[in-house]
Amino acid sequence: MRPVLADVFAARRSIAGIAVHTPLVPSPYLSGLAGHDVLLKLEIAQPIGAFKLRGAVNAVAALPAACAGVTCCSTGNHGRGIAYAARERGLRAVVCMSQLVPQAKIDGIRALGAEVRIGGNSQDEAQAESSRLAREEGLAEVPPFDDPAVIAGQGTIGLELLEDRPDLDTILVPLSGGGLAGGIALAAKAIKPAIRVIGISMDRGAAMHASIRAGHPVEVEEVASLADSLGGGVGLGNRLSFALCRDLLDDVVLVTEEDIYRAMQTLYFEDRLVAEGASVVGIAALQACKLPKPKGPVATIISGRNVDMKVFTRVVTGQDVKLGETTIRGQVHGA
Ligand SMILES: *Cc1c(COP(=O)(O)O)cnc(C)c1O
């Protein structure tokens with residue numbers, strides 16, 4: 001059941017022509033900071049603005065021709081990927097989301113022709129609704145991370161990284177449910193066993209980090225974060241992504257909301273790129289000196305750009321950002 005390198009190569013063939021081989025570009029500013037090349041893998045250049053298109057297209061391509069449609073739960077980008085992939089195949093798509101999901105992401109999914117169901121305050125509730133639809137309406141359910149086709153799809157990033165830079169020493173991967181990190185680690189380590197793959201999460205509600213520590217999937221409280229795409233649990237019945245991350249990640253590092261805030265500014269002002277909070281956790285960890293010293297080139301996945309532009313504007317202009325109960329104190333870049 002656990003995907004292997006051959007599944008990742010097969011995924012690459014199935015997503016070719018829909019998901020793109022994204023650019024890997026140097027960041028002169030971060031390279032100066034790290035003392036080695038720091039490269040940005042621009043998944044923001046995918047047609048849906050996030051890497052999740054890879055796993056979604058691979059999973060939807062594997063559904064039987066006669067299926068009635070597809071459903072999923074999502075913090076936003078998986079839903080967008082499924083909506084896009086379903087539209088490509090002419091299938092009905094229903095995306096279930098919690099109330100914590102930003103409006104920009106809901107609008108993006110509706111614009112692709114998918115139905116959206118909003119309900120509950122957590123990913124778990126959205127998950128329950130998606131499973132109900134699968135049972136009662138006969139839709140195929142594609143989970144956001146704990147699925148072999150999804151993991152193999154995300155793993156294609158690992159292939160591209162090592163083709164473009166065989167000399168990579170470390171890959172920094174935003175980490176939530178672990179489909180991205182598990183897939184990349186599985187592919188990259190099969191090709192280059194010495195490569196280090198480090199998962200990065202926000203310090204509040206880091207479900208995979210807590211689960212690896214506990215030795216089994218555990219629940220954590222879900223709180224609002226600048227890295228909204230990293231919210232949600234790993235699922236108590238996790239079958240694949242937990243074990244992959246536990247076995248293959250060299251480390252899991254946590255960053256604060258302030259670290260993420262500063263990293264969004266850095267990416268914008270130093271590299272001129274717009275990205276969501278989840279995308280910059282690798283940069284945040286580098287800047288906050290939370291990583292072991294690299295011995296060679298480092299790549300980090302700029303995983304998505306589907307940020308709420310009101311929040312983004314406040315961040316880059318150095319204003320306070322209020323998220324649920326907490327306020328992140330504004331700070332002007334370079335001041
Ligand atoms: C889903 C997502 C992640 C985390 O991926 P997992 O497979 O859940 O670990 C990171 N960044 C963005 C932008 C995402 O949409």
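Being a predicted model, the structure only gives us computed values, none of them experimental. Counting convention: from 1, in listed order, for ligands and their atoms alike.
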Next on the checklist: Can you list, by chain and residue number, the hydrophobic cluster partners of Val332 when the side-chain cut-off is 4.5 Å?
Outcome noted: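 Direct or chained contacts put Val332 with none.
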
Item to check | Remaining members of the apolar cluster that contains Phe145, side-chain heavy atoms under 4.5 Å | outcome: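 Other cluster members: none.
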
Please produce the table of protein N or O atoms sitting under 3.5 Å from N or O atoms belonging to ligand 1, one pair a line, distance to 0.1 Å.
{"from": "ligand 1", "atom 1": "7 (O)", "to": "Gly179", "atom 2": "N", "distance (Å)": "2.9"}
{"from": "ligand 1", "atom 1": "7 (O)", "to": "Leu180", "atom 2": "N", "distance (Å)": "2.9"}
{"from": "ligand 1", "atom 1": "8 (O)", "to": "Gly177", "atom 2": "N", "distance (Å)": "2.9"}
{"from": "ligand 1", "atom 1": "9 (O)", "to": "Ser176", "atom 2": "N", "distance (Å)": "2.9"}
{"from": "ligand 1", "atom 1": "9 (O)", "to": "Gly177", "atom 2": "N", "distance (Å)": "3.2"}
{"from": "ligand 1", "atom 1": "9 (O)", "to": "Gly178", "atom 2": "N", "distance (Å)": "2.8"}
{"from": "ligand 1", "atom 1": "11 (N)", "to": "Ser303", "atom 2": "OG", "distance (Å)": "2.8"}
{"from": "ligand 1", "atom 1": "15 (O)", "to": "Lys52", "atom 2": "NZ", "distance (Å)": "2.7"}
{"from": "ligand 1", "atom 1": "15 (O)", "to": "Asn77", "atom 2": "ND2", "distance (Å)": "2.8"}

Item to check | Inter-residue atom distance Arg132.CZ - Glu129.CD, 0.5 Å rounding | outcome: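 Interatomic distance, Arg132 CZ to Glu129 CD, rounded to 0.5 Å: 4.5 Å.
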
Checklist entry - Which residue pairs pass the side chain to side chain donor-acceptor pair (under 3.5 Å) test with at least one member in residues 144-157, sequence neighbours excluded? => result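 For residues 144-157: Arg54-Thr156.
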
Checklist entry - Does Arg204 come within less than 4.0 Å of Glu221, counting only side-chain N to carboxylate O? => result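 No salt bridge links Arg204 with Glu221.
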
Checklist entry - Would you find more than 12 non-hydrogen atoms of other residues, nucleotides or ligands less than 6.0 Å from Arg329 atom CZ? => result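 No.
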
